[in-house]
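Quick notes on the structure that follows.
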Amino acid sequence: MSWFLFIILAFFTLAGGLGVVVTRNVVHAALFLLVSLVAVAGLYLILFAEFLALVQVLIYGGAIIIVLLFAIMLTRTAEYPYISDNKQWPLAAVAAAAVGVVLGAAFLDNNIPETSPNSPAFADLANSLFTTWAIPFEVASLVLLVALIGAIIIARTGEDNR
Amino acid sequence: MVWAWLIPVLSFAAVPLIILFGKRLPAKGSPLAILAILAGFAIFWVVFAGFLSASPDTEGCEIGVGTEALTCNFKITWFEAGIPGADTSNHDRIEVAWGMTIDPLTIAMLGLATFVALMVQIYSLGYMRDHDGNFDPRLDWYYAFHALFIASMLTLVLADNFLLLYVAWELVGLCSYLLIGFWHERPEPREAAKKAFIVTRIGDVGLLVGILLLWSQVGSFSMTETFAAIENGVLSDGVITVSALLLFLGAMGKSAQFPFHVWLPDAMEGPTPVSALIHAATMVAAGVYLVARAFPLFSASDTAMLVVATIGLITALGAATIALVATDLKRILAYSTISHLGLMMLSLGAFGYTAAVFHLLAHGFAKALLFLGAGSVMHSTDELDVRQMGGLRRVMPVTAILFSIGALSLGGIPILAGFWSKDEILVAVNKELPVIFIVLTLVTALFSALYMARAMFVVFYGRFAEQFEHVHDAPKTMSITMGLLAVFAIVFGLLALDLPGPFKGIGYFIFYHEGHGLVVVAWVMGLSTLLAIAAFIFGYLAYARRSINLDGTRGTFARVLEVAENKYYVDEIYQWTVDRVVLSLSRFIAWVDRALVNDVGINGPGDITRVLGDRLKYHVTGYVYTYALAMALGLIGLAIFWWLVSR
Amino acid sequence: MVPLVAFQVLSAALFAIGLYGVMARRSAVLIVMSIELMLNAVNINLIAAASHLDGMGKWANFDGQIIAIFVITVAAAEVGLGMAIILRMYRNRSTVNVDEINLMKW
């Protein structure tokens, strides 16, 4: 059962990813990305990481895709429906494939003793996040705040840019 | 006794005050320096009294290792480095103390240095004026340097470890540079200051290496621990000899021993009170003091002792012959100093520890007096060539009498200070060294009396030089200080005797291993007295009465005299060495530095990188995806590399 | 039961796809999307390891999940900033194509 689900989700993940990188239409690419991200959320469920699956759908599937679509809308140019790759794409394909092979080989080469998939309760996760990882958590919130302010400053229009 | 640290610190404190506020204070702040050294002199007596009443049971005091004399140590930790709490002997930890050691040698040097410095600083109030009575425009700097000079010397004397001693040692060198070159508007003082600094620095390198060698073996800079290590046989004979010789190299530089004596005569270009201070109490005394202070080290090596004695004898005899033919009054005195420093070294080399320190003190008082007298003559007449002078006692009687006292004392006329200390040296040399040494030492003593007689009779007696009809005698600040020094030059030698009361002679106060009274060897004392008196009578007849005509003899000894008058060509040899050897070597090294180190070693990689950059930059696209591709290729390359390495 | 290595190979493949996108696409928006793919590949790896390596070593088994949360946080920040930069770029140069922006050289 889990194999069946895994194969289906893996197919959608990779197909979505491939769609992002080969399609000519930018809006289509965003929709392919949505497919891939939602499939990844499904993979998290196979791994019993329900919280992460939820976060994945909310943040990636919701927020990030919406932001990307807004960016596409605000920067609309005439070539968006039939955008092409740059001149080095064959070389890039070879290099990317090579990196994939290197990573895959490294993973296959590694015989880590493993258990069956399991996952902590929400409560344990929250406990760990707010005790052991409290300081990184706060730092992360600060990073988000800074990024937010930075984004506003960078994207501001010129007139009030004193 | 604990308050001895105040003696140098007061003078140190005076330095910034004079520099900052001197211009606005009366007499340009010079009273500050004088008050500081006066307070130091007063504290010296307190320390002296405290030391006399101290016993080995007193806190901080013990019977010194090596010297067997009462030694009191007070210290605070200056800095520490290394592993906390570790043992110092294997260099896991360094501990350096701000400490002082007080023993009879320190007391003697403190007394000499503070007293002479006080006299010189008061004297300078009179000397550092022009003929209209106005102060020198840089009088504040003069006194600031003076205060720094004496403070450094006092720190050197008090230091209980070699590192602190070295710091003070270099400060003394710096101050002598500043003061010799004080009138730097003229070229000669500048050159003399540089010469003094560089020549002494050559010796200082030896001193530093010696100190570090001792530290590497003992693990501590402390003198007490070093001497204890020697006593306990921790150090090998080779190390003791080498480190003693290296320390002696430093002492040779500072105390102007052959072949490093060349700076001292040139140092006459400084103000005369500075010369008095350098010659009597501070700079040159430091070298003799160092050998005396490290005497447990030196006496443990026969080779080192023989070298010290030989160098001392060569210096003493050579300088005495030059002094006989020199024509500049201050140079006569300078070579006389070199000669007497040689005698002190000779005495130390002959285990005459007491005699050397005794002579250092006696010579210090007499030589300070002589220099201040010469300064007085120079101040009044603006003349230093003795051939132009004569009969000055008619116009400057006080200076004449005081100078004569100094000359007689240094010449070794009985019951004056120089007689006793010189006799002690002769006894020590006679006892410890081969017969050739005592013969040559007696010759030196004769020469010493001769050149003193010459300086005294030519300048102050004989035919009056008419052009000095209107010169004035020394002002009060100068004559009173000279008078006080003269008192010491007369009576100080009596300390050698077993006086009524608890004092049994200086041999029981300053001694090495065991105290001893005045040793009288009849024929030595008789012969030296005879020689001294004969020399002065000869001097009187030849230079004052002119009843012995020396003009004829000059032709006979022309060759010898010429060599001596040219100071044995030592300066010329140095000049030749520097011109030929040092400069060629320097040129070669400069070439290596420019061509190999700089052009090839440093500019080479830089040039390659720059040229490559110039060529390669046109191939940079500036597209961000090119960089991403490069990163990916780099990742692949790294993976392949690690795979090859780990296989 | 799906073994860990299946997830790892999947994540390697997704990473390679994302990397290709970064290297080959011209539009800055598409490059940001490709970066998101790469981040997701990393997250898959982290969470799969967290689930499968219970009790291995000193790490609690869900530390990987927590790190994944941080990755998502940073990804959100990155998208925000990235989009702001793209907007700025568009406003200044009327294009978001990275092959028209090559001032980053001599």
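Every heavy atom of this structure was used, including side-chain atoms; hydrogens, water molecules and symmetry mates were not. All chains are named by letter (A, B, ...) in the order of the sequence lines, taking the proteins before the strands, and each is independently numbered beginning at 1.
Of all the listed residues (C:T95, C:L19, C:I17), the one sharing the greatest number of non-hydrogen pairs under 4.5 Å with chain A is C:I17. Chain C forms the most heavy-atom pairs under 4.5 Å with one residue out of A:A98, A:A93, A:A63, and that residue is A:A93. Top candidate by heavy-atom pairs under 4.5 Å with chain A, chosen from C:V98, C:V32, C:N97, C:I85, is C:N97. In terms of heavy-atom pairs under 4.5 Å with chain A, the best-connected choice from C:V9, C:I86, C:V74, C:N43 is C:N43. Between chain A and the residues C:I44, C:L14, C:L4, C:I66, the most heavy-atom pairs under 4.5 angstrom are made by C:I66.
Between the side chain of A:S141 and the main chain of A:E138, a donor-acceptor pair closer than 3.5 Å is present. A donor-acceptor pair under 3.5 Å is absent between the side-chain atoms of A:S36 and the main chain of A:G16, judged by distance alone. Of the possible donor and acceptor atoms, one in the side chain of C:R91 sits under 3.5 Å from a partner among the backbone N and O of A:R156.
For C:V96, the part sitting under 4.5 Å from any heavy atom of chain A is the side chain, from C-beta outward, and nothing else. Heavy atoms closer than 4.5 Å to chain A are found in the side chain of C:I67, but not in its backbone. For C:A6, the parts lying near chain A are the backbone and the side chain together; criterion is any non-hydrogen pair under 4.5 Å. For C:Y20, the parts sitting under 4.5 Å from any heavy atom of chain A are the backbone and the side chain alike.
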- request: Report the C-alpha distance between C:N40 and A:Q56 in whole Å, list the side-chain angles of each, state the deciding distance to 0.1 Å, and finish with yes or no for side-chain hydrogen bond (donor to acceptor under 3.5 Å, both in side chains).
  value: CA-CA 9 Å; C:N40 266 281; A:Q56 175 84 0; 2.6 Å; yes
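A heavy-atom distance below 4.5 Å is found between the side chains of C:M33 and C:L30.
Ring pair A:F130/A:F137 is perpendicular by interplanar angle, where above 60° counts as perpendicular and below 30° as parallel.
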